[in-house]
Amino acid sequence: MNAANIFALSRAGVAVEVVPETGSTNADLLARAARLTEPMLLVAEHQSAGRGRAGRSWLSSSENSLTFSLAWKFEGGLQTLSGLPLAVGVALGDALGRLGVQIQLKWPNDVLKDGDKLAGILIETQSASRDSGGGTWAVIGIGLNLVMPDEVEALLGRSAAGAPWLARMDRDVLMAALLDALAEALRLFASRGFAAFSARWNLRHAWQGRPVVILDNGKVLQEGLAAGVDDAGRLLLDTAQGRTSVLAGDVSLRLSE
């Protein structure tokens with residue numbers, strides 16, 4: 001991939017850097033956040049220590065996946081970022097849909113295709129210095145499967161989705177399309193919060209109306225029927241005691257059937 005090409009193809013006006021290999025694009029941008037003055041996209045041809053949610057590893061290769069992180073500064077504190085991973089999911093869904101790949105969303109941060117995971121989202125934050133005007137840097141890491149070889153599925157120990165049509169696209173064109181969708185969504189999120197995305201998220205909700213369990217380190221905390229999300233990005237569950245809401249935190253969501 002070529003950073004200059006991506007920048008020229010994109011309408012986002014975001015600085016772009018492409019590296020052949022790194023440990024983690026999220027870790028790299030977090031380390032540089034204190035020196036950043038504008039949003040920045042960092043794309044790695046290969047990540048050797050990619051991370052998923054809750055410290056899980058993310059397997060990737062330049063041939064089979066797209067891995068990148070986008071650093072974006074928000075004016076408020078952490079409390080203003082409620083629902084951000086879900087908004088990013090909506091942006092990815094919109095972009096991929098325009099490219100002919102229809103997806104579903106699983107709370108709180110997974111992108112599914114035909115029931116299997118196609119992409120993951122990991123957001124890490126760092127407070128901006130007072131000298132730079134304060135606020136919060138969000139580093140939004142995304143791993144997108146393009147092709148899912150059998151040997152990678154064997155390493156994962158589960159099935160996963162791929163999008164071969166995207167693998168045949170020019171990578172610079174694909175990356176520019178994703179960057180444009182993300183930048184547009186992040187600007188909207190900054191002004192209106194997740195409320196501007198909740199209806200679109202619910203339209204793509206993979207497990208709407210299905211029985212699910214909320215797990216914390218393998219222990220069942222709650223169970224009920226998945227009923228979408230509210231305007232703060234909380235999962236709504238219809239339980240025997242009535243409707244309740246669940247914050248993401250470090251919990252996991254699983255089907256119970």
Side-chain angles (χ1 to χ4, degrees), residues 1 3 6-7 10-19 21-44 47-58 60 66-92 94-95 108-111 119-144 175-176 178-197 201 232-234 247-250:
M1 283 184 285
I6 295 170
F7 182 83
S10 170
R11 304 183 306 273
V14 171
V16 179
E17 184 176 323
V18 177
V19 296
E21 182 171 355
T22 190
S24 161
T25 52
N26 258 38
D28 291 351
L29 283 182
L30 281 170
R32 294 162 63 175
R35 304 189 300 276
L36 292 177
T37 58
E38 60 181 356
M40 182 173 185
L41 174 73
L42 179 60
V43 186
Q47 281 194 139
S48 60
R51 305 194 306 275
R53 187 167 171 266
R56 302 179 186 94
S57 61
W58 180 272
S60 69
L66 190 60
T67 54
F68 59 94
S69 296
L70 176 59
W72 198 276
K73 185 181 175 184
F74 293 91
E75 296 305 316
L78 281 176
Q79 71 279 3
T80 66
L81 302 185
S82 176
L84 180 57
L86 287 80
V88 171
V90 171
L92 286 176
D94 290 347
N109 65 338
D110 287 344
V111 177
I121 300 162
L122 173 67
I123 298 181
E124 299 176 285
T125 60
Q126 182 171 304
S127 297
S129 67
R130 292 184 180 179
D131 292 342
S132 65
T136 304
W137 280 101
V139 176
I140 301 155
I142 294 171
L144 173 64
M175 189 66 253
L178 296 175
L179 175 57
D180 285 351
L182 288 168
E184 180 182 2
L186 295 175
R187 291 181 176 117
L188 178 60
F189 185 91
S191 63
R192 295 180 53 194
F194 182 67
F197 298 86
W201 196 97
R234 294 172 295 200
L247 287 171
D250 290 325

Enquirer: Can you give me the closest heavy-atom contact between P85 and P108, atom names plus distance?
Expert: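 Heavy atoms of P85 and P108 come nearest at CB-O, 3.9 Å.
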
Enquirer: Evaluate the side-chain proximity of M175 to L41: yes if any heavy-atom separation is below 4.5 Å, no if none is.
Expert: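 Yes, close enough: below the 4.5 Å cut-off.
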
Enquirer: Over 60° means perpendicular and under 30° means parallel, so classify the ring planes of F74 and F189, tilted if in between.
Expert: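 Because their plane-to-plane angle is over 60°, the rings of F189 and F74 count as perpendicular.
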
Enquirer: Work out which heavy atom in G143 is nearest to a heavy atom in T67; give both atom names and the distance.
Expert: CA-CG2, 4.3 Å

Enquirer: Which heavy atom in L144 sits nearest to a heavy atom in A119, and how many Å separate them?
Expert: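 Here L144 and A119 meet closest at CD1-CB, 3.9 Å.
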
Enquirer: Is a side-chain donor or acceptor of D180 paired with a backbone partner of S10 at a separation under 3.5 angstrom?
Expert: no

Enquirer: Answer whether the closest heavy-atom distance between the side chains of L29 and W137 falls below 4.5 Å.
Expert: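 When only atoms from C-beta onward are counted, W137 and L29 do not touch, as no gap falls below 4.5 Å.
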
Enquirer: According to salt bridge (charged side-chain N to carboxylate O under 4.0 Å, His left out), does anything in residues 182-194 pair up with another residue at least two apart or in another chain? List the pairs.
Expert: none

Enquirer: Can you list every pair that meets salt bridge (charged side-chain N to carboxylate O under 4.0 Å, His left out) and has a residue in residues 26-38, with sequence neighbours left out?
Expert: E17-R32

Enquirer: Rounded to the nearest 0.5 Å, what separation is found between the CD1 atom of I121 and the CD1 atom of I140?
Expert: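 Rounded to the nearest 0.5 Å, the CD1-CD1 separation comes out at 9.0 Å.
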
Enquirer: Measuring from atom OG1 of T125 to atom CG of L30, what distance do you get when rounded to the nearest 0.5 angstrom?
Expert: 8.0 Å

Enquirer: L92 versus L178: any side-chain heavy-atom pair under 4.5 Å?
Expert: yes

Enquirer: For G141, is there any backbone N or O sitting under 3.5 Å from a side-chain donor or acceptor partner on N26?
Expert: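 Between the backbone of G141 and the side chain of N26 there is a qualifying donor-acceptor contact (under 3.5 Å).
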
Enquirer: Keeping the roles fixed (side chain from S82, backbone from A232), state whether a donor-acceptor pair exists under 3.5 Å.
Expert: yes

Enquirer: How about L182 and V88: do any of their side-chain heavy atoms sit closer than 4.5 Å?
Expert: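 Counting from C-beta outward, L182 and V88 do come under 4.5 Å.
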
Enquirer: Is a donor on one side and an acceptor on the other found under 3.5 Å between the side chain of T136 and the backbone of G76?
Expert: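 Yes, the answer is positive, given that a donor and an acceptor are paired below the 3.5 Å cut-off.
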
Enquirer: Please find the pair of heavy atoms, one from A176 and one from I6, that lie closest to each other, and give the distance.
Expert: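 Scanning both residues, the minimum pair turns out to be CB-O, 3.9 Å.
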
Enquirer: How many angstroms lie between atom CD1 of I142 and atom CG of L66, to the nearest 0.5 angstrom?
Expert: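 I142 CD1 to L66 CG: 9.0 Å, rounded to 0.5 Å.
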
Enquirer: Less than 4.5 Å apart, any side-chain heavy atom of T25 and any of Q47?
Expert: yes

Enquirer: How many angstroms lie between atom OG1 of T80 and atom CZ of F194, to the nearest 0.5 angstrom?
Expert: 14.5 Å

Enquirer: Which pair of non-hydrogen atoms, one from A34 and one from Q126, has the smallest distance, and what is that distance?
Expert: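 Nearest pair, atom of A34 first, then Q126: N-NE2, 3.8 Å.
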
Enquirer: Check whether any side-chain heavy atom of I123 lies under 4.5 Å from a side-chain heavy atom of L81, and answer yes or no.
Expert: no

Enquirer: Assess whether side chain to side chain contact (heavy atoms under 4.5 Å, CB included) is satisfied between V19 and L42, documenting all intermediate values.
Expert: CA-CA 8 Å; V19 296; L42 179 60; 4.1 Å; yes

